[in-house]
Each structure stands twice: as C-alpha cells, then as structure tokens.
Amino acid sequence: MINVIIITVIEVLAYTMLDVLNDPELGVGGMIFVTAFTLIIMYPFFLGLYRYGFRKQNLA
C-alpha cells in the first residue's frame with residue numbers, strides 16, 4: 001500500500017509541475033506557490049489514503 005501512496009504523491013507533484021511549466025508567466029515563485037498550495041489542498045487526501053491503507057485489522 002505504501003507504493004500507492006508514493007506513486008500518488010509523485011503523480012500529483014509531476015502533474016502540477018508540468019501544468020505550471022506550460023505557463024511561463026508564473027516564473028519560479030509562482031511555480032513554488034502553486035506546488036505548495038496544491039500539496040496543502042491535497043493533504044487531507046494523502047492522509048486519508050494513508051490511514052485507509054494502514055488501518056488496524058481486527059482479527060477477533
């Protein structure tokens with residue numbers, strides 16, 4: 001399950017970077033801002049994915 005989390009984070013970062021690189025008006029500061037903002041917005045998704053994948057299993 002950790003592979004899914006890592007791949008998802010890399011995919012979100014790559015998609016954001018490629019999308020920002022296609023807009024030359026943003027510059028480096030804009031690219032950093034958009035990437036940080038995306039990670040902040042996506043944090044609940046990543047946390048939920050992690051908690052779903054590593055929840056404790058009741059064996060009783």
Side-chain angles (χ1 to χ4, degrees):
M1 186 63 190
I2 193 74
N3 294 338
V4 173
I5 295 169
I6 292 171
I7 290 171
T8 303
V9 171
I10 291 172
E11 187 263 333
V12 167
L13 286 173
Y15 180 77
T16 303
M17 294 294 233
L18 290 174
D19 191 37
V20 169
L21 287 175
N22 288 331
D23 190 4
E25 294 179 3
L26 286 177
V28 176
M31 185 170 69
I32 291 171
F33 174 76
V34 170
T35 303
F37 185 75
T38 301
L39 288 177
I40 290 169
I41 296 297
M42 294 294 289
Y43 177 74
F45 171 71
F46 296 140
L47 181 63
L49 185 63
Y50 176 81
R51 291 187 62 164
Y52 179 72
F54 292 104
R55 65 180 177 208
K56 293 184 179 181
Q57 301 290 329
N58 291 337
L59 299 176

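- At a threshold of 4.5 Å between side-chain heavy atoms, the hydrophobic network of Ile, Leu, Val, Met, Phe, Trp and Tyr places Phe37 and Ile32 in two separate groups.
- Closest non-hydrogen pair, Thr16 versus Val12, comes out as OG1-O, 2.8 Å.
- Within 6.0 Å of CZ on Phe33 lie no more than 12 heavy atoms contributed by other residues, nucleotides or ligands.
- Between Thr38 and Tyr15 the shortest side-chain heavy-atom distance does not fall below 4.5 Å.
- Nearest heavy-atom pair, Met31 versus Leu26, reported as atom, atom and distance to 0.1 Å: N-CB, 4.5 Å.
- Using a distance-only test at 3.5 Å, with no hydrogens or angles considered, a donor-acceptor pair links the side chain of Asn22 to the main chain of Leu18.
- The two residues Ile5 and Tyr50 come nearest to each other via the heavy atoms CD1-CA, 3.5 Å.
- Within the model, atoms OH of Tyr43 and CD1 of Ile40 stand 11.5 Å from one another, a figure rounded to the nearest 0.5 Å.
- When hydrophobic clusters are built by joining Ile, Leu, Val, Met, Phe, Trp and Tyr residues whose side-chain heavy atoms come closer than 4.5 Å, directly or via intermediates, Leu49 is grouped together with Ile6.
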